[in-house]
Amino acid sequence: MAPGESKSNNALSPEEEGEAKLTEMGFDPLSFYEQKVVWGDLDSFRHVNNVRYVRYLESARMHWLQSIGQELGGQERVRDMVAGKGISLILGEISVRFRRPVTYPDTLLIAHRPHEPFPTHFKCAAAVWSNAQRTVVATSDSKLVWYDYDHLKKCDPGAETHAVLARRMRNVD
């Protein structure tokens with residue numbers, strides 16, 4: 001490649017193209033999570049069963065949660081957030097839009113982007129990229145609630161947590 005030239009999308013691997021596209025769409029690179037499609041994920045129609053997407057999104061969300069915990073206080077905070085000690089997140093609602101069927105074999109790249117912050121909750125968009133199809137195959141939006149697991153109620157997690165979340169938000173036109 002000559003100096004100053006950039007790779008075209010055709011020269012990128014599916015993984016590189018997915019990361020580039022999801023970043024361009026404003027998704028948090030620290031949320032990127034790779035999910036292999038296994039044979040058991042398929043239903044009788046020979047594509048990934050719709051319920052599996054919710055599990056994929058859950059695994060990716062937990063990966064992203066750990067990156068937030070790491071930024072807030074290192075491994076100890078990660079352990080507490082994952083174990084439901086102190087303040088963490090709980091899923092309030094989720095919707096999934098299925099854009100294209102996914103079949104075996106494939107590897108998916110799942111990404112999250114927070115938006116619409118409020119003191120006790122925020123919305124979070126997600127996208128599922130298929131390396132085999134080289135496109136987004138599903139999108140999701142969810143409401144994530146800050147939850148005090150010690151007192152069993154929603155809460156405002158404080159300024160430091162809001163600042164971390166604000167750094168994860170990207171304005172995309």
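Closest non-hydrogen pair, A125 versus F27, comes out as O-CE2, 3.6 Å. Residues V136 and A127 come closest through the heavy atom pair CG1-CB, 4.2 Å. Contact record, M169 with P114: CG-O, 3.4 Å, taken as the closest heavy-atom pair. The shortest heavy-atom contact between A132 and P105 is CB-O, 4.3 Å. Between L57 and A126, the shortest heavy-atom distance links the atoms CD2-CB, 3.6 Å. Residues C155 and Y147 come closest through the heavy atom pair SG-C, 4.0 Å.
Expressed to the nearest 0.5 Å, how far CG of L109 lies from CD of E17 amounts to 11.5 Å. Atom OG1 of residue T139 and atom CZ of residue R99 lie 6.0 Å apart, to the nearest 0.5 angstrom. With rounding to the nearest 0.5 angstrom, the CG atom of L91 is 8.5 Å from the CD atom of E58. If you take NZ on K123 and NE2 on H115, they are separated by 6.5 Å, rounding to the nearest 0.5 Å. Note that CG of D43 is 7.5 Å distant from CG of N50, once rounded to the nearest 0.5 Å. Distance check, rounded to the nearest 0.5 Å: CG of D148 to CG of L152 gives 8.0 Å.
Side-chain atoms of S140 do not come within 3.5 Å of backbone N or O of V96 as any donor-acceptor pair. Looking only at distances, no side-chain donor or acceptor of Y33 sits under 3.5 Å from a matching main-chain atom of M62. Checking side-chain atoms of S142 against main-chain N and O of I94 turns up no donor-acceptor pair under 3.5 Å. Remark: side-chain polar atoms of D80 are not paired, donor with acceptor, to backbone N or O of G86 under 3.5 angstrom.
Heavy atoms of other residues, nucleotides or ligands lying less than 6.0 angstrom from NZ of K154 number 12 at most. Within 6.0 Å of atom CZ in R167, more than 12 heavy atoms from other residues, nucleotides or ligands are found, so the atom counts as buried in its surroundings.
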*Under the salt bridge (Lys or Arg N to Asp or Glu O under 4.0 Å) rule, what do E76 and R79 come out as? Steps first, then yes or no, please.*
CA-CA 5 Å; E76 185 176 343; R79 280 191 299 275; 5.2 Å; no
_If you apply the rule side-chain contact (heavy atoms from CB on, under 4.5 Å), what do you find for V102 with L108, and how did you get there?_
CA-CA 9 Å; V102 172; L108 307 174; 4.1 Å; yes
*Dump the intermediate steps for side chain to side chain donor-acceptor pair (under 3.5 Å) on S130 and D106, then the final yes or no.*
CA-CA 7 Å; S130 163; D106 201 349; 2.5 Å; yes
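Cluster annotation: L165 is connected to V82 through the hydrophobic network of ILVMFWY side chains, with a link wherever side-chain heavy atoms come within less than 4.5 Å. Cluster membership check: M81 does not share its hydrophobic cluster with I90, using side-chain heavy-atom separations under 4.5 Å among Ile, Leu, Val, Met, Phe, Trp and Tyr. Under the 4.5 Å side-chain heavy-atom criterion for Ile, Leu, Val, Met, Phe, Trp and Tyr, V38 and V54 are members of distinct hydrophobic clusters. Tracing side-chain contacts under 4.5 Å through hydrophobic residues (I, L, V, M, F, W, Y), one never reaches V78 starting from L30; they form parts of separate clusters.
Side-chain atoms of V128 and F98, non-hydrogen and from C-beta on, never get closer than 4.5 Å to each other. Between T161 and I87 there is no side-chain heavy-atom pair separated by less than 4.5 Å. Counting heavy atoms from C-beta outward, W146 and D156 have side chains that stay 4.5 Å or more apart. At least one side-chain heavy atom of R61 sits under 4.5 Å from a side-chain heavy atom of L144. The side-chain heavy atoms of Q75 and Q70, taken from C-beta on, include a pair separated by under 4.5 Å. For the pair V37 and V48, the minimum side-chain heavy-atom distance is below 4.5 Å.
Note: W39 and Y104 have perpendicular aromatic rings, judged against thresholds of 30 and 60 degrees for the angle between ring planes. By the 30° and 60° cut-offs, the orientation of the rings of H47 relative to F45 is parallel.
T107 and N131 share no side-chain donor-acceptor pair at under 3.5 Å. Side chains of R100 and Q133: a donor on one and an acceptor on the other come within 3.5 Å.
Partner of W129 under the side chain to side chain contact (heavy atoms under 4.5 Å, CB included) criterion, out of K21, E34, E19, E15: K21 alone.
The residues D41 and R52 are annotated as salt-bridged, a charged nitrogen and a carboxylate oxygen being separated by less than 4.0 angstrom. Salt-bridge annotation for R168 and E71: present, with a side-chain N of the basic residue lying under 4.0 Å from a carboxylate O of the acidic one. Using a cutoff of 4.0 Å between basic side-chain nitrogens and carboxylate oxygens, D28 and R113 are not scored as salt-bridged.
The ring of W64 has its center no closer than 6.0 angstrom to the ring center of F32.
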